[in-house]
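For ligands, and for the atoms within them, numbers begin at 1 and follow the listed sequence. Note: hydrogens, waters and symmetry copies are ignored here, and every other heavy atom, side chains too, is used.
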Amino acid sequence: MTDAQIRLDPGFTVAPVSRRTFGSFVEHMGRGVYTGIYEPGHPTADADGFRQDVLDLARELGVTVVRYPGGNFVSGYRWEDGVGPRPGRPVRRDLAWHSLETNEVGVDEFMSWARKAGVEVMYALNLGTRGVQEALDVHEYLNHPDRTHLAEQRRANGADEPYGIRMFCLGNELDGPWQTGHKTAHEYGRLAGETARALRSADPDLELVACGSSGSSMPTFGTWESEVLELTYDTVDYISAHAYYWPTNGDIGSFLASAVDMDHFVNSVVATADSVGARLKTAKRLMISFDEWNVWYQDAHEAKQATEWEVAPRVIEDTYNVADAVVVGNLLISLLRHSDRVTAACQAQLVNVIAPIRTEPDGPAWRQTIFHPFALTSRLAKGDVLRVEISAPTYLTDRFGEVPLLDAVATHDPQTGDLTVFAVNRHLTEGLDLTVPVAGFGHPMSVAEAWTLTDEDLYAVNTVDHPDRIVPHPTAGVTVDGGVLSATLPPVSWSAIRLVRAG
Ligand code: AHR
């Protein structure tokens with residue numbers, strides 16, 4: 001057993017917790033939509049064809065905002081195909097995922113699902129094959145209140161009131177050569193800037209997201225952000241970031257430290273954006289929309305090429321183990337730590353496609369291991385994010401050098417007095433004895449709840465037959481004594497400990 005300590009103070013805050021940190025993503029990809037959120041004929045389907053078992057799990061997950069309709073899919077998507085009477089909707093090729101899109105679900109259906117799920121929608125525009133006009137058209141259809149042609153069309157399709165979507169992504173991953181309509185930073189920056197200006201003429205209050213890099217390992221990372229922001233800084237509010245992690249060559253030690261990479265990624269984008277702001281002599285600060293992040297076993301899928309044009313094929317349905325859940329919990333710690341600049345984030349994706357929720361057609365829906373840290377963090381992270389000072393031994397990783405065995409963040413709600421500590425032990429074999437002095441909060445505290453996700457088998461998973469093989473359990477040895485919180489964090493574990501005012 002090794003000792004580790006966290007120091008924190010209610011006066012040292014990073015920023016309020018942004019509820020948009022707990023976003024997710026539904027793309028028309030694989031079985032994300034069809035047999036994911038939507039399956040008419042399923043035993044739990046409601047009158048609109050939405051699976052209520054999935055809706056229940058999405059609510060339990062605590063998702064706040066959902067990015068839609070893609071992803072790579074959006075760069076070839078025609079939104080008009082998915083509105084109006086269903087029999088008239090065309091079946092199209094989806095070049096991004098080499099599959100067929102029936103358009104049975106379009107934006108009106110998705111907005112109805114989002115209302116049922118109680119989530120905000122972050123709408124991604126197609127700036128791959130389309131441009132300013134399409135962006136204005138879909139915005140008019142979705143949001144325009146008066147009697148214009150497209151607002152009337154929306155009404156005729158059943159939605160009297162404008163949807164009032166606030167966040168729009170100006171395309172998706174246009175730095176990537178795989179993207180339909182891939183562009184140079186200059187080409188994209190010009191188009192994104194023009195689109196943003198046009199959208200703002202329609203509604204100055206929109207929150208617009210410029211595409212950042214599709215990963216920090218992209219050869220253009222940094223210069224892409226810089227060039228794009230030179231052309232868009234005044235007209236956008238966010239720059240996006242995307243990151244996926246997996247244990248390359250089975251290097252579990254580095255994998256468990258994936259949050260080190262996410263921290264570095266965020267710091268680099270902030271530095272780049274701020275340097276553009278400084279060059280432009282503006283006080284405006286951009287935020288980061290980390291609108292794709294997760295564990296994704298990209299090695300396992302690279303070799304597979306779709307040969308048939310199928311509707312809703314099984315695509316990248318990763319099954320997540322305990323180590324993956326610990327990494328996901330740690331990535332949420334990293335996102336919270338950066339709440340002063342990362343104010344929106346979407347785990348990619350919600351159902352079936354690299355997702356916390358899995359379904360079988362005509363069968364059950366279940367929680368993957370990664371569901372649990374997300375749901376607990378969304379439920380327990382309240383109030384302000386606190387700055388934490390971590391004292392812990394380190395271990396050597398191939399990718400990041402020496403890395404602390406402990407990572408942690410804390411939130412404090414000044415209204416209720418609740419203090420929640422989120423912590424990860426990255427040690428493969430040894431527990432950590434964690435202590436956190438809490439006397440500085442000015443009143444006695446006691447433990448309200450404490451949950452740990454771990455297992456002796458790092459590779460244990462939840463399956464359709466054993467959906468609850470991995471669930472969080474009460475944390476061992478949690479006490480508050482003499483103004484000090486103590487807990488034992490097992491090897492490779494993620495924990496959340498909530499303290500309340502005692503008495
Ligand atoms: O989330 C899966 C895919 O990953 C998205 O479609 C794309 O934007 C990213 O490369």
Side-chain angles (χ1 to χ4, degrees), residues 23-34 36-37 63 65-77 92-99 101 110 122-129 167-183 188 192 209-221 224 228 238-246 258 262 265 288-302 304-306 312-320 324 328 331 344-358 368 370 374:
S24 189
F25 179 28
V26 171
E27 176 166 6
H28 283 253
M29 169 181 180
R31 298 193 308 116
V33 173
Y34 306 109
I37 62 168
V63 169
V65 58
V66 178
R67 186 164 175 253
Y68 175 84
N72 295 342
F73 168 80
V74 82
S75 296
Y77 181 51
R92 300 270 192 200
R93 293 179 305 188
D94 164 25
L95 299 181
W97 304 110
H98 199 88
S99 47
E101 173 54 51
F110 187 73
M122 177 192 293
Y123 191 86
L125 299 162
N126 174 0
L127 293 193
T129 58
M167 279 188 89
F168 285 84
C169 303
L170 301 165
N172 177 70
E173 293 191 351
L174 286 147
D175 63 321
W178 59 85
Q179 200 70 206
T180 309
H182 163 58
K183 292 173 177 39
Y188 170 71
V209 186
C211 287
S213 295
S214 44
S216 59
S217 60
M218 293 298 288
T220 50
F221 177 60
W224 172 273
V228 166
Y238 294 86
I239 178 91
S240 73
H242 291 180
Y244 292 102
Y245 298 98
W246 70 98
S258 296
M262 184 179 253
F265 191 168
I288 295 179
S289 172
F290 216 119
D291 47 42
E292 286 189 33
W293 68 269
N294 206 352
V295 172
W296 172 3
Y297 282 71
Q298 299 202 341
D299 287 356
H301 305 287
E302 245 167 23
K304 291 188 195 153
Q305 280 290 337
R314 287 183 188 258
V315 179
I316 59 169
E317 298 194 2
D318 281 359
T319 297
Y320 293 111
D324 300 329
V328 162
L331 295 173
C346 302
Q347 188 181 36
Q349 300 191 6
L350 182 66
V351 194
N352 290 326
V353 180
I354 45 171
I357 301 170
R358 278 282 286 278
Q368 294 230 57
I370 62 170
F374 190 108

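Looking at residues two or more places apart in sequence or on another chain, you find a ring pair (Phe, Tyr, Trp, His ring centres under 6.0 Å) between Phe265 and Phe221, Phe290.
Inspection of the Asn294 and Gln347 side chains reveals an N or O donor paired with an N or O acceptor under 3.5 Å.
Residue-to-ligand polar distances place Tyr244 within reach of ligand 1: an N/O pair is separated by less than 3.5 Å. The shortest N/O to N/O separation between Gln349 and ligand 1 falls below 3.5 Å.
Nearest protein heavy-atom contact of atom 10 (O) of ligand 1 is Glu173 OE1, 2.7 Å. Looking only at protein heavy atoms, the nearest one to atom 6 (O) of ligand 1 is Glu27 OE1, 2.6 Å. Given atom 7 (C) of ligand 1, the protein heavy atom at minimum distance is Asn72 OD1, 3.2 Å. Of all protein heavy atoms, the one lying nearest to atom 8 (O) of ligand 1 is Glu292 OE2, 2.6 Å.
Centroid-to-centroid, the aromatic rings of Tyr68 and His28 come within less than 6.0 Å.
The proximity of Trp296 to ligand 1, defined as any non-hydrogen pair under 4.0 Å, is limited to the side chain. Contact annotation: for Trp293 versus ligand 1, there are no heavy atoms closer than 4.0 Å. With a 4.0 Å cut-off on non-hydrogen atoms, Val353 does not touch ligand 1 at all.
Note: Trp296 and Tyr244 have perpendicular aromatic rings, judged against thresholds of 30 and 60 degrees for the angle between ring planes.
For the pair Gln368/Asp324, no side-chain contact is recorded, criterion being any heavy-atom separation below 4.5 Å from C-beta on.
Look at Phe73 and you'll find every heavy atom at least 4.0 Å from all atoms of ligand 1.
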